[in-house]
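These numbers come from a predicted model, not from an experiment. Every chain is numbered from 1, with letters handed out A, B, ... down the list of sequences.
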Amino acid sequence: MEEINVLIEQRYKKLEDLRKAGIDPYSNSFIPEVKAIDIKNTYSQYSQEMLENELIPLKVAGRIIALRDFGKAVFSHLQDSTAKIQLYFKKDILQDKFQLLKKLDIGDIIGVSGRLFKTKTNELTIEVTDYHILCKSLRPLPEKWHGLRDVEIRYRQRYVDLIVNPQVKEIFAKRSAIIKAIRDFLEQNGFIEVETPMMHQIPGGASARPFSTHHNALDIDLYLRIAPELYLKRLLVGGYERVFELNKNFRNEGISTRHNPEFTMLEFYIAYRDYEFLMNFTEELFSYVANKVLGTLKIPFGDHLIDLTPPWKRIRLLDALQVEGLSKEDISNIDAITSWAKSKSIDIPKGITLAKAIDEVFKELIEPTLIQPTFVIDYPVELSPLAKKKAEDPNFVERFELFIASREIANAFSELNDPIDQKERFLKQMEAKKQGDEEAHWMDEDFIRALEYGMPPAAGEGIGIDRLVMLLTNSQSIRDVILFPQLKPEQ
RNA sequence: GGGCCGUUAGCUCAGCUGGUAGAGCAGCUGACUCUUAAUCAGCGGGUCGGAGGUUCGAAUCCUCCACGGCUCACCA
């Protein structure tokens, strides 16, 4: 901890003074009866005369965020979880307790009893008849006007950020509302929420590097899950027809404005439907959430205005690649696409497969242009080891990715339920792993066994919740929508 | 991991080509019973991210390190 500075010392002194005066500076003796926002909503239309006549008694609690001393009167603002409200302390009302106000600081948490009135400037204010110190704050808060700007402190000490930056609190309130709306929508559509393991013996369901850990009693290595997919599909085998899980995934990859090592993912699965259904369903889901939370389908994001009004554009991956100078022949030949990419100064790694090269070009060239919601559909089978092949072309699968504002927001497909095909795909992945592909899928024998019992045809989708929250709160960094983003340790 | 930028008082920031550290807010003391970025008078507060180096002299120039931001690469 850093050395004690003067400001903190002064507060310690006040703390001692309070104790000497027989006051518990951390007492839990006061129960507020009303929230600031309710006071404002109920009484802001009242005239001074009406308030005078009714003498409405109130008990509120919160943090002192402003103090203005006038000698025999003190004005203050109190902030609770809902809003702030002005307090008026008068010497002739509080008598002895008025002196004790000297021991209060900005940041302290107090409970006050009083009655409502309106000031000359018409601000609804509580005239305090009694107050209780509920928590003495020992550290000074950031400045009232500029707030806290230092992003490092904002992330490391989110509690301070939340105290002084009301917009931050709003973002996380929205996050909560978004997640609630998603749950409501899915439940209205007959889904049940389930919890599957976060600790996997075989990390499956995605292409990513896992975090590993160890269980002592069993003496086995375990991995934090990179996706819940394979467990959710086991539930389809078990007979659930509509399930979802909305919780954390963990991927041992880089950290950026779009990546946090632990992040929140929604995955849902619906039996007897395919990815075509999911595209419509996704449009409905997003519309429902945006309307619930924002009351509109037109949302500002950075320099763009995103329009979520269905239907959204749908384009086949290969058609999306029909750009200048890139012919159909080029995208069916690894050498042709590599040399074409080179001419656009896109680096295609040597020894890469055609499918991965296509993916590379797409990410480089097309993804940045996908601002308005766009479903990119029909991916090469090689990139999608868990998706069902298209009946008319076994080189491709029934899969879409949803892009909004150049970001991949969702990934979905018609689920592969043929155990023999699935086994072959896993074997291919194992081969890739042997070749050094660290993110290739692992073989999961039990999952194959489950498929052998029979999984109904189904469609499944994953939606990156943090990215969705970014979109709906116009946040440019994932750290702004995660309360405690991962950072290096402080020195 | 690479590149660029940043780190000065509790907070927000100045500090130019090197000359020994400043403001506003917050704090302390005092005045003030309708203020609200209250006002007025006075005062205190700094290992200038860390360690080296250059120099008579370093917040300032150089090197290394730490942390953070943006960005590229990998990924959702």
Scan [X] against the nucleic acid and name what it touches under 4.0 Å (heavy atoms): base, sugar-phosphate only, or nothing.
| X | result |
| --- | --- |
| A:G147 | sugar-phosphate |
| A:G464 | nothing |
| A:K488 | sugar-phosphate |
| A:N260 | base |
| A:L141 | nothing |
| A:K14 | sugar-phosphate |
| A:I463 | nothing |
| A:D69 | base |
| A:Q48 | nothing |
| A:N411 | nothing |
| A:S256 | nothing |
| A:E123 | base |
| A:L148 | sugar-phosphate |
| A:R154 | nothing |

Rounded to the Å, how far apart are [X] [atom1] and [N] [atom2]?
| X | N | atom1 | atom2 | result |
| --- | --- | --- | --- | --- |
| A:H146 | B:rA23 | NE2 | P | 16 Å |
| A:I106 | B:rG10 | CD1 | P | 16 Å |
| A:R139 | B:rG45 | CZ | P | 21 Å |
| A:E438 | B:rC74 | CD | P | 14 Å |
| A:K91 | B:rU33 | NZ | P | 10 Å |
| A:R479 | B:rG68 | CZ | P | 9 Å |
| A:F75 | B:rA37 | CZ | P | 13 Å |
| A:F89 | B:rU33 | CZ | C1' | 14 Å |

task = Classify the side-chain pair A:Q435/A:E431 by whether it contains a donor and acceptor separated by less than 3.5 Å.
result = no

query = Can a donor-acceptor pair be found between the side chains of A:R175 and A:T264 at a distance below 3.5 Å?
reply = yes

Atom [atom1], compared across [N] and [M]: separation rounded to whole Å:
| N | M | atom1 | answer |
| --- | --- | --- | --- |
| B:rA51 | B:rC40 | P | 41 Å |
| B:rU33 | B:rG42 | C1' | 24 Å |
| B:rC48 | B:rG10 | C1' | 16 Å |
| B:rG24 | B:rU8 | C1' | 15 Å |
| B:rA9 | B:rU47 | C1' | 13 Å |
| B:rC65 | B:rA26 | C1' | 33 Å |
| B:rG68 | B:rC74 | P | 23 Å |
| B:rG15 | B:rG6 | P | 12 Å |

inquiry  = Is the positively charged end of A:R158 above the ring of A:F484, judged by distance under 6.0 angstrom from the centroid and angle within 45° of the axis?
reply    = no

key: Lys NZ or Arg CZ of A:K233 over A:Y269 ring: under 6.0 Å, within 45°   = no

Starting at [atom1] of [X], measure out to [atom2] of [Y] and round the result to the nearest 0.5 Å.
| X | Y | atom1 | atom2 | value |
| --- | --- | --- | --- | --- |
| A:R225 | A:E245 | CZ | CD | 4.0 Å |
| A:D359 | A:E364 | CG | CD | 11.0 Å |
| A:F400 | A:L317 | CZ | CG | 14.0 Å |
| A:H200 | A:T196 | NE2 | OG1 | 5.5 Å |

Candidates [options] - which lies nearest the side chain of [X]:
| X | options | value |
| --- | --- | --- |
| A:E143 | B:rG68, B:rU12, B:rC74 | B:rU12 |
| A:Y155 | B:rG69, B:rG44, B:rC11 | B:rG69 |
| A:P142 | B:rC74, B:rC11, B:rU33 | B:rC11 |
| A:Q86 | B:rU35, B:rG69, B:rU12 | B:rU35 |
| A:F70 | B:rU12, B:rA38, B:rC70 | B:rA38 |

Please give the nucleotide sitting opposite [N] as a Watson-Crick or G-U wobble pair, both distances under 3.5 Å, or none.
| N | value |
| --- | --- |
| B:rA23 | B:rU12 |
| B:rG44 | none |
| B:rC32 | none |
| B:rA38 | none |
| B:rU63 | B:rA51 |
| B:rC4 | B:rG69 |
| B:rG57 | none |
| B:rU17 | none |

Taking only side-chain N and O atoms of [X], does any of them lie within less than 4.0 angstrom of OP1 or OP2 on [N]?
| X | N | value |
| --- | --- | --- |
| A:R156 | B:rG68 | yes |
| A:T257 | B:rU71 | yes |
| A:R149 | B:rC13 | yes |
| A:R68 | B:rA38 | yes |

query = Considering only heavy atoms from C-beta outward, does the side chain of A:R115 approach that of A:I126 to under 4.5 Å?
reply = no

ask   = If you pin A:T119 and A:K144 to their nearest nucleotides in RNA chain B, which one's is more 5'?
value = A:T119

inquiry  = Both A:E360 and A:Q486 contact RNA chain B. Which one's nearest nucleotide lies toward the 5' end?
reply    = A:Q486

task = Look at the side chain of A:E152 and the base of B:rU7, then say whether one donor and one acceptor between them are separated by less than 3.5 Å.
result = no

query = Is a donor-acceptor pair below 3.5 Å formed from side chain A:Y88 to base B:rU35, judging by atom type as modelled?
reply = no

message = When you measure from the side chain of A:T374 to the backbone of A:Q372, do you find a donor-acceptor pair of N or O atoms at a distance under 3.5 Å?
response = yes

